[in-house]
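Whatever order the structure lists ligands and atoms in, that order sets their numbers, starting from 1.
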Amino acid sequence: MLSLTPKKVSERSAIKINPAKTCQPVGAMYAALGVHKCMPHSHGSQGCCSFHRMYLTRHFKEPAIASSSSFTEGASVFGGGSNLKTSAKNIFDIYKPDIIAVHTTCLSETIGDDIGSIIQDIDIPEGKYMVHTNTPSYVGSHVTGFTNMVSGFIKYLSVKSAVKNGKLAVFPGFVNPGDMREMKRILNYLKVPFTMLPDTSGVCDAPMTGSYEMYPKGGTKIEDIKKLGECELSLALGEMTSEESANELKRKCGVPYKALPLPIGIEATDEFVMQLSRFSSTEVPYDLEEERGQLVDIMLDAHPYYHNKSVAIYGDPDTVLGIAAFALELGMVPKYLVTGTPGIIFEQKAKELFSKYGVENYIAKAAGDLFELHQWIKNDPVDLLIGGTHGKYIARAENIPLVRAGFPIIDRYVHSYLPIVGYKGAIRLVELILNAIMDKQDAECNEEDMEMVM
Ligand code: SF4
């Protein structure tokens with residue numbers, strides 16, 4: 001397995017191998033699915049759209065609807081304006097969404113289609129909407145596309161208002177519907193009135209009812225996006241994913257924002273909870289304190305099994321940093337952090353985190369790939385891998401247990417329904433980490449060392 005990956009690391013400037021990211025439109029499509037009765041629309045050739053739908057479907061094991069402008073060679077040369085106009089008419093006529101959210105592909109970006117102007121020329125039916133964002137795939141990653149699409153909704157729909165509605169705008173970051181549900185549960189515990197954008201719960205984890213619903217019950221309502229401008233404050237969860245969208249709301253509607261890390265692990269969840277408690281002037285309820293106490297109890301109970309274990313974490317920047325912070329709280333040693341998403345801020349944040357814990361021997365790399373991560377592991381192995389499915393080849397090649405967390409996980413089921421955020425999510429992460437480490441111990445220890453009680 002991966003036997004052609006050499007141990008010797010050589011500087012690469014042009015070749016990426018086994019990247020830890022995908023392209024912008026995937027994130028834009030996911031963000032658009034988090035708006036109620038929205039049809040994500042890919043302005044470019046059809047292959048991109050098929051690939052991106054497939055990518056999301058493989059992760060969520062759910063339908064991921066989207067339409068395409070289906071460029072041909074002609075549109076690629078002369079522009080895709082008429083393709084988008086025809087698409088809009090067909091989509092509103094046939095699929096009847098309330099809103100079409102257009103994103104772009106490399107092709108339409110390279111030829112420079114002016115989507116804003118094209119949309120102005122489209123005869124949008126009464127009461128329906130069309131918004132857009134530019135998602136050039138040669139910039140950033142799927143995380144950038146997610147951010148851009150969320151900002152696109154705000155740019156088009158949110159309205160500045162002098163009258164405040166007492167609500168909190170919540171940007172949850174690039175997380176699973178299970179995480180969004182957990183965030184909402186905590187928001188409700190703290191009695192915070194809020195609007196979450198996007199909200200893919202009830203869409204990407206919709207129940208089986210026996211009849212196919214193209215637009216399931218979930219998703220942020222258009223009316224609520226319009227009223228984001230009336231919010232008192234917005235909370236950007238995951239600074240590298242959400243801060244730009246919160247900033248867009250501030251620029252357009254004057255809503256101040258606070259950026260926090262994704263609430264993964266104890267300290268980050270505490271910060272989230274305390275922020276909500278301050279916002280709603282509500283005491284933290286006992287139920288949440290109990291969950292926190294259970295988490296601490298579990299961490300103490302199982303401490304000998306994960307203490308000092310080294311771990312490599314890869315995936316999206318906010319998720320990787322969140323898991324790394326929790327690994328440090330557990331007493332583990334996060335040795336390698338890799339995100340495919342470019343941005344020096346990832347490395348700076350990692351540096352701050354590690355210096356807080358006095359850890360020096362680590363590597364944190366943005367715009368990295370799994371090929372290089374594998375090379376580092378060959379030279380100096382780790383006890384555990386945490387990340388998406390693409391790391392399973394390294395796990396097998398080096399006989400390292402893999403905990404699946406983040407995006408994409410395309411070789412397992414159920415994961416997207418369950419959180420890794422909040423105290424409950426942290427309890428789940430501890431269980432996943434422990435099971436991976438203990439299963440390996442059971443499988444490989446000498447017969448006389450096999451323990452019934454662990
Ligand atoms: S990189 Fe460009 S061509 Fe490839 S799938 Fe993404 S948008 Fe399409």
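From the protein, the heavy atom lying nearest to atom 8 (Fe) of ligand 1 is Cys48 SG, 2.3 Å. With respect to atom 5 (S) of ligand 1, the closest heavy atom belonging to the protein is His52 NE2, 3.4 Å. Ranking the protein heavy atoms by distance from atom 7 (S) of ligand 1 puts Ser137 OG, 2.9 Å first.
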Inset, instruction - Starting from the C-alpha separation in whole Å, work towards a yes-or-no answer on side-chain hydrogen bond (donor to acceptor under 3.5 Å, both in side chains) for Asn148 and His103. - result: CA-CA 9 Å; Asn148 287 344; His103 61 261; over 6 Å; no
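More than 12 heavy atoms of other residues, nucleotides or ligands sit less than 6.0 Å from atom CG of Asn379.
Taking the six-membered ring for Trp and thresholds of 30 and 60 degrees, His390 and Tyr55 have nearly parallel ring planes, at less than 30 degrees apart.
Taking backbone and side chain together, Cys106 holds an N, O or S atom under 2.8 Å from atom 2 (Fe) of ligand 1.
The closest non-hydrogen atom to atom 6 (Fe) of ligand 1, taken over Ser42, Cys23, Ser50, comes from Cys23.
For ligand 1 and Thr105, the ligand atoms under 4.0 Å from any heavy atom of the residue are 7 (S).
In this structure, His41 has its ring center no closer than 6.0 Å to that of His132.
For Thr135 (side chain) and Thr104 (main-chain N/O), a donor-acceptor pair under 3.5 Å exists by modelled atom type.
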